[in-house]
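Sequence positions, counted from 1, serve as the residue numbers for this chain.
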Amino acid sequence: MATALLAAAPSSAEAGDGELKVGYYDNKCSGVEDIVRSHVIKAIIQDRGIGGSLIRLIFHDCFVRVLQGCDGSVLLNASDENPRPETAAPVSIGLEGFDILEEIKADLERRCPGVVSCADILIFAARDASSILSNGRVRFDVPAGRLDGVVSSADEAQAELPDPTFTIRQLIDNFARKNFTVEELVVLSGAHSVGDGHCSSFTARLAAPPDQITPSYRNLLNYRCSRGGGADPAVVNNARDEDLATVARFMPAFVGKLRPVSALDNTYYRNNLDKVVNFNSDWQLLTQDEARGHVREYADNAALWDHDFAASLLKLSKLPMPVGSKGEIRNKCGAINHSKS
């Protein structure tokens, strides 16, 4: 593996001094991306579901803080400086993958102290998880050189992230604030082909009419939410990833669509057209002409979605911190360097 560069980067700086660059760490801490990928591969081998969690983190990090962009703020724990971080927001329920990112950070700190930001690690890990879960079909080069932010706010996360109860108008307006088109809204929604959601996030779907959700799937969700573990059970986003016995009981015609392993692919769009999706925000894509047209387009063309999803993730990863913003290279991803907690 790589050896540490002799000189470390400064621990804090102003953002915006230079543009993001592919290969940013080549002469600062060689092998960074290989190290990140090796950790992500190991984690997904142990638990394939963690791949979806890492993909979700890039969205939650980059979409929060209108002016901050991708700054690793979603990774911060509660502290005196940030008593209610982004993870405390209701919209952040079920976020996972933090331990893996801390392991990667610790590994890189041993090799190259103070060089690699947690924000960049998060982006690399999400890119690698997308590639692994798609069997290499989703791929793109990641420009790096981000700084870690020092502010994390649950209120900002709740105000800025799209809620699963949103209408199509709310979704379009929410994405437009970050300069994302209706097509890109539909593209990024395809990440729901993996991962899971908590029942509290789609409560209204449990009583939705047949023109919004296939009754047999609604019955399956009701069963899952009434018998799952804990007060707010998690349910897989993609019915393709359900267990055979449950699908055979509630949706026998769907049994042939089950797969032995979860994959990042265009099945989300076919399921959406069949009204076999968890969230109201998913179904809402069928209620507007342009969005519905893109759902049909990606349902019919898996390769096109792979390409466009990679492009949209890349665009998402480039949401910037503004010139003059204060940032740092955190020693640990969960805490700012001068935190007292």
- Item | Of L122, D128, D107, the residue whose pairing with V36 passes side chain to side chain contact (heavy atoms under 4.5 Å, CB included) | D128
- Intermediate values then yes/no, side chain to side chain contact (heavy atoms under 4.5 Å, CB included), E160 and K178: CA-CA 10 Å; E160 295 176 27; K178 300 292 193 300; 3.9 Å; yes
- Side-chain donor-acceptor pair under 3.5 Å between T246 and D243, yes or no? yes
- Query: Taking the six-membered ring for Trp, are F175 and F63 parallel (under 30°), tilted (30 to 60°) or perpendicular (over 60°)?
  - Reply: tilted
- Task: Would you verify whether the NZ or CZ of K315 falls within 45 degrees of the ring axis of F180 while also being under 6.0 Å from that six-membered ring's centre?
- Result: yes
- Note on the structure: The reported gap from CG in N272 to OG in S193 (rounded to nearest 0.5 angstrom) is 12.0 Å
- Side chain of R330, backbone of G149: donor and acceptor closer than 3.5 Å? yes
- Does the side chain of E86 come under 3.5 Å of the side chain of S73 through a donor N or O and an acceptor N or O? yes
- Does K105 pair with D148 as a salt bridge, N-O distance under 4.0 Å? no
- Could you verify whether a donor N or O on one side chain and an acceptor N or O on the other, from D232 and S200, lie under 3.5 Å apart? yes
- Message: The test is salt bridge (Lys or Arg N to Asp or Glu O under 4.0 Å); show your working for R240 and D265 and say whether it passes.
- Response: CA-CA 11 Å; R240 166 211 62 194; D265 59 24; 3.0 Å; yes
- Given side chains that start at C-beta, do those of Q212 and R205 come closer than 4.5 Å, heavy atoms only? yes
- Message: So if I apply the side chain to side chain donor-acceptor pair (under 3.5 Å) rule between Y217 and each of D274, N278, N271, which one comes out positive?
- Response: N278
- Where the side chain of E96 meets the backbone of I50, is there a donor-acceptor pair that is under 3.5 Å apart? no
- Any sub-3.5 Å donor-acceptor pair from E109's side-chain atoms to K332's backbone N or O? no
- Close side-chain approach of L264 to W305, heavy-atom, < 4.5 Å: yes
- Message: Taking the cut-offs as 6.0 angstrom to the six-membered ring centre and 45 degrees off its axis, would you call K28 and Y24 a cation-pi pair?
- Response: yes
- Between L108 and I35, does a side chain to side chain contact (heavy atoms under 4.5 Å, CB included) hold up when you go through it step by step? CA-CA 8 Å; L108 291 172; I35 293 166; 3.7 Å; yes
- Salt-bridge present (R37, D34; N to O < 4.0 Å): no
- Query: Does a side-chain heavy-atom distance below 4.5 Å link H294 with V187?
  - Reply: no
- Query: What is the ring orientation for Y269 with Y298, classed by angle as parallel under 30°, tilted 30 to 60°, or perpendicular over 60°?
  - Reply: tilted
- Query: For residues S262 and D241, is any side-chain donor paired with an opposing acceptor at under 3.5 Å?
  - Reply: yes
- Message: Does atom CG (N179) have a neighbourhood of more than 12 heavy atoms from anything else shown, all under 6.0 Å?
- Response: no
- Message: Any salt bridge linking R56 with D61? Criterion: basic side-chain nitrogen under 4.0 Å from a carboxylate oxygen.
- Response: no
- Evaluate the side chain to side chain contact (heavy atoms under 4.5 Å, CB included) criterion for residues V150 and E81: first the C-alpha distance (whole Å), next the side-chain angles of each, then the deciding distance (0.1 Å), finally the verdict. CA-CA 8 Å; V150 296; E81 295 83 1; over 6 Å; no
- Message: Please determine whether side chain to side chain donor-acceptor pair (under 3.5 Å) holds for the pair N237 and Y268, giving the CA-CA distance in whole Å, both sets of side-chain angles, and the decisive distance to 0.1 Å.
- Response: CA-CA 9 Å; N237 288 335; Y268 163 83; over 6 Å; no
- Query: Just wondering, do L273 and R270 contact through their side chains at under 4.5 Å, heavy atoms?
  - Reply: no
- Assess whether side chain to side chain donor-acceptor pair (under 3.5 Å) is satisfied between N222 and R218, documenting all intermediate values. CA-CA 6 Å; N222 270 297; R218 182 186 58 203; over 6 Å; no
- Message: Using side chain to side chain contact (heavy atoms under 4.5 Å, CB included), reason through V22 and V142 one step at a time and then give a plain yes or no.
- Response: CA-CA 6 Å; V22 173; V142 173; over 6 Å; no
- Test applied, side chain to side chain contact (heavy atoms under 4.5 Å, CB included); reference residue, F202; option that passes from L221, D282, N280: L221
- Is it true that the side chains of T267 and N238 contain a donor and an acceptor less than 3.5 Å apart? yes
- Message: Strictly below 4.0 Å, N to O, side chains only: are R224 and D196 in salt-bridge contact?
- Response: no
- Query: Charged N to carboxylate O below 4.0 Å: is that the case for R84 and D155?
  - Reply: yes
- Query: Under 3.5 Å, side chain of N82 to main-chain N/O of P85, donor-acceptor pair present?
  - Reply: no
- Under 3.5 Å side-chain donor-acceptor pair for T181 and E183: no
- Sub-6.0 Å ring centroid separation between F250 and Y223: yes
- Hey, does N77 have a side-chain heavy atom less than 4.5 Å from the side chain of F98? no
- Could you tell me whether a side-chain N or O of Q170 sits under 3.5 Å from a main-chain N or O of T167, the two making a donor and an acceptor? yes
